[in-house]
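This report refers to the structure that appears directly beneath it.
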Number of protein chains: 2
Amino acid sequence: MDDVAAKAGVSRALVSLVMRDSPRVSSHNREKVLAVAADLGYRPNMAARNLATGETKTIGVMLNDIHNPFFTAIAEGASTAAGEAGMQLVMSSGWLREAGETEAIEMLLGMRTDGLLLASPRLSDVTINEFATQAPTVILGVWGRWENLDSINNDEQHGAELIVDHLVGLGHTRIAHIAGNLPAGGQQRRAAFAEAMVARGLAPIIIDGDFNEESGYEGAGVLMSLNEPPTAIFAGNDLSAIGVLSRLHEMGIRVPDDVSVVGYDDTNIAGISAVSLTTVHQPREEIGFIATQMLLERIAGRTDDRHEDLEPRLVVRQTTGPATNS
Amino acid sequence: MDDVAAKAGVSRALVSLVMRDSPRVSSHNREKVLAVAADLGYRPNMAARNLATGETKTIGVMLNDIHNPFFTAIAEGASTAAGEAGMQLVMSSGWLREAGETEAIEMLLGMRTDGLLLASPRLSDVTINEFATQAPTVILGVWGRWENLDSINNDEQHGAELIVDHLVGLGHTRIAHIAGNLPAGGQQRRAAFAEAMVARGLAPIIIDGDFNEESGYEGAGVLMSLNEPPTAIFAGNDLSAIGVLSRLHEMGIRVPDDVSVVGYDDTNIAGISAVSLTTVHQPREEIGFIATQMLLERIAGRTDDRHEDLEPRLVVRQTTGPATNS
DNA sequence: TGCAGCGATGAAAGCGTTTACATAGTGGAT
DNA sequence: ATCCACTATGTAAACGCTTTCATCGCTGCA
């Protein structure tokens, strides 16, 4: 900074003003300083600025799993909202491991991002509430007892009902669910499914999994080897539905002729014609966008907790069809 | 920090030593300090530490497009390598826009990450070489005249030959390529394709696109409306191949009966049974892993440039088949 | 008894900014 | 000439840590 000031023939203070583009600088000097800075490759040291101002103009995003297009879409929405507010995004992924998430969040907290956006963390309520005391936080995709943070969620109840109704309407009665694994969410999706089934007098078939392809793949294998295999499978999310499709395909089981498959999230994979997965739509970019706006409000000083619920919508494609009587 | 020192009844210096887990601290005091720190929710301020030490123990990763599973796989490999070396990863995405990439890199440079990993940037050679003077840099996925940085690449020449040979072997002669858009790469893949075709006495059909679904979708539409449409389409990467498949499906064109489709990268989408895309395999995680190791070496002081070339391998699945005589 | 070595201390400088403040120079309007 | 608004300057403190250095008390060993 000294170098720039010297070479531009102005004071350090002025350079500082220019770098923060303050309006109280003559355009003449502004340009001069910027030119010299570019020439010298000078770039303000964010660490120093951060130390001095106490803010980083950065929001930290922890994504449950960067492999899942659902989360990258959320990141995209977040990026847009942050950009509009002149903020940067720092992303980190939990890599589907609890320890990975903790590390990622610790890092973000360590770098003192102005806020924290947690996309479907698998940590416990308690842990998350604790993190939330350290920085303005918005969490999305999981239900829990939140304190001191905003949340934005999908109405799991309704989503599960949409799916069950759709399948029941097609004549299915043996419907299975490959559940995902999100402790903090209190297994809402799984519970909602069970409830919806029971409410219709049907027995919920549920096996454990995780929100990835492997567990869909494994789960489908398990389910189809039952004495009375299900005629429809509701996977925890699109990714695991893809796994289910692969396994069924390998087993020579036709979809939807023999078995119907439903996902959740409506990621772009679901829309591919070759896949054409029936799923529940969630406005992904919008979720990220709104969540970030809520976070910005919180950073700006809002202190009351806000909890938003988004209505899911069923998208019927070609992986669901009438049940075969067997 | 003062608070922790006070509450633990030790000096600030000692707390500092503990936080950096220096061996010169008695285990008694270490535990005590750690306990107090956890209790108080104290976490060293990275900005301050960074200012004092001049290093961040962080490597910045700029991904061409976070939506593309190819890049997230690379990030995963990078994360593993970084983790082993006690470093953190900060990711940012270029969102397929040049300005987005510049911003992302500027941010990483601003936060003074110890190194820069650029995954298929679309910026010009000149720009990238300039950035590389500011921090140890490794670039991957693009060919260019690099100075002062390491690179790791795919042998495009060979990859294109594999594809062309495969298709020609199936009897195809009208083979089209939907090119991607990476200025710095000098359009290597496109050139390699053209060369391979010409070498076999065939006319290369090439249209412009970008490495995403949309451009595959658009491109397929354009290609199939030609008077003499191609019998095989080589998309720039898997993502755009997916777009091609969708468009063909919509147009009622059967794959591979009417038209064969080939991708590039062998992302996990390609492997889905429902898609089963013939493509060229690249060891994604490994690329990220190796690139990060090279970067770590560079950070550690190596100054000579290293350029690695990885051999591609054709994975034949079900989107390619014999050419129909038409 | 003396000495080495270890663990700990306290003080102080430094990292690169921002920020507040007091000061000063330059026109232009009055 | 006088005054004001505007732009710029110089200084100094502060941000929260690391690092160095001289010092010190303790333990155990020769």
Side-chain angles (χ1 to χ4, degrees), chain A residues 1-37 40-58 86-88 106-114 134-135, chain B residues 1-37 40-58 86-88 106-114 134-135:
Chain A
M1 196 171 193
D2 276 326
D3 300 348
V4 175
K7 185 154 181 193
V10 300
S11 67
R12 281 160 42 94
L14 220 219
V15 175
S16 173
L17 288 176
V18 172
M19 293 323 281
R20 289 174 284 146
D21 37 43
S22 145
R24 348 167 29 83
V25 180
S26 64
S27 57
H28 169 71
N29 269 335
R30 174 189 309 287
E31 277 168 34
K32 187 163 186 179
V33 169
L34 287 178
V36 173
L40 262 47
Y42 168 77
R43 206 183 311 277
N45 182 323
M46 289 310 162
R49 171 177 294 181
N50 173 8
L51 243 202
T53 62
E55 54 178 30
T56 53
K57 289 290 178 198
T58 275
M87 297 244 173
Q88 297 279 353
E106 294 271 7
M107 177 187 80
L108 295 174
L109 247 21
M111 54 201 317
R112 301 288 193 272
T113 56
D114 293 344
Q134 317 249 354
Chain B
M1 196 170 194
D2 276 327
D3 300 347
V4 175
K7 188 156 179 193
V10 300
S11 67
R12 282 160 42 93
L14 221 219
V15 175
S16 173
L17 288 176
V18 172
M19 295 323 280
R20 289 175 284 146
D21 38 42
S22 145
R24 344 161 39 76
V25 179
S26 64
S27 56
H28 168 71
N29 270 335
R30 173 189 311 286
E31 276 168 36
K32 187 163 186 178
V33 169
L34 287 178
V36 172
L40 260 48
Y42 168 78
R43 205 182 312 277
N45 180 322
M46 288 310 161
R49 169 177 294 180
N50 173 7
L51 244 200
T53 62
E55 54 178 30
T56 54
K57 288 291 176 196
T58 276
M87 297 244 171
Q88 297 280 352
E106 294 271 8
M107 177 187 78
L108 295 175
L109 246 21
M111 55 201 317
R112 300 290 193 274
T113 56
D114 293 344
Q134 317 249 352

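Chain naming here is simple, since letters A, B, ... match the order of the sequence lines and numbering starts at 1 in each. FYI, side chains are in, hydrogens and waters are out, and symmetry mates aren't considered; it's all heavy atoms of this structure.
Summarising the geometry, atom CG belonging to B/L109 is positioned 11.0 Å from atom CG belonging to A/N45; distances are rounded to the nearest 0.5 Å. The structure places CG of B/L108 at 8.5 Å from CD of A/Q88, a figure rounded to the nearest 0.5 Å. Atom OG1 of residue B/T56 and atom CE of residue B/M111 lie 8.0 Å apart, to the nearest 0.5 angstrom.
For the pair B/N29 and C/dG7, the criterion of a side-chain N or O lying under 4.0 Å from OP1 or OP2 is not met.
For the pair A/R24 CZ and C/dT19 P, the interatomic distance rounds to 12 Å; values are reported in whole Å. Atom pair B/H28:NE2 and C/dA8:C1' shows a separation of 12 Å (rounding to whole Å applied).
Nucleotides of DNA chain D that come within less than 4.0 Å of any heavy atom of chain A span, from the 5' end to the 3' end, D/dT7 to D/dG16.
In the helix from C/dT1-D/dA30 to C/dT30-D/dA1, the rotation axis of the first five pairs and that of the last five pairs differ in direction by 40°, rounded to 10 degrees.
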Could you list the donor-acceptor pairs under 3.5 angstrom formed between side-chain atoms of residues 7-20 of chain B and any protein atom two or more places apart in sequence or on another chain?
from	atom 1	to	atom 2	distance (Å)
B/K7	NZ	B/D39	OD2	2.9
B/S11	OG	B/L14	N	3.2
B/R12	NH1	B/D2	OD1	3.2
B/S16	OG	B/R20	NE	3.2
B/S16	OG	B/R20	NH2	2.8
B/R20	NE	B/S16	O	3.2

What donor-acceptor contacts under 3.5 angstrom involve side-chain atoms of residues 46-53 of chain B, with partners at least two apart or in another chain?
from	atom 1	to	atom 2	distance (Å)
B/T53	OG1	B/R49	O	3.0
B/T53	OG1	B/E55	N	3.2
B/T53	OG1	B/E55	O	3.1

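Judged by distance alone, with hydrogens and angles left aside, the side-chain atoms of B/R30 form a donor-acceptor pair with the main-chain N or O of B/S22 at under 3.5 Å.
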In 5'-to-3' order, the base (B), backbone-only (S) or no-contact (-) status of each nucleotide in nucleotides 10-18 of chain C, using a 4.0 angstrom heavy-atom cut-off, is S---BBBBB
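With sequence neighbours excluded, the residues that form a salt bridge (charged side-chain N to carboxylate O under 4.0 Å, His left out) with B/R43 are A/E106.
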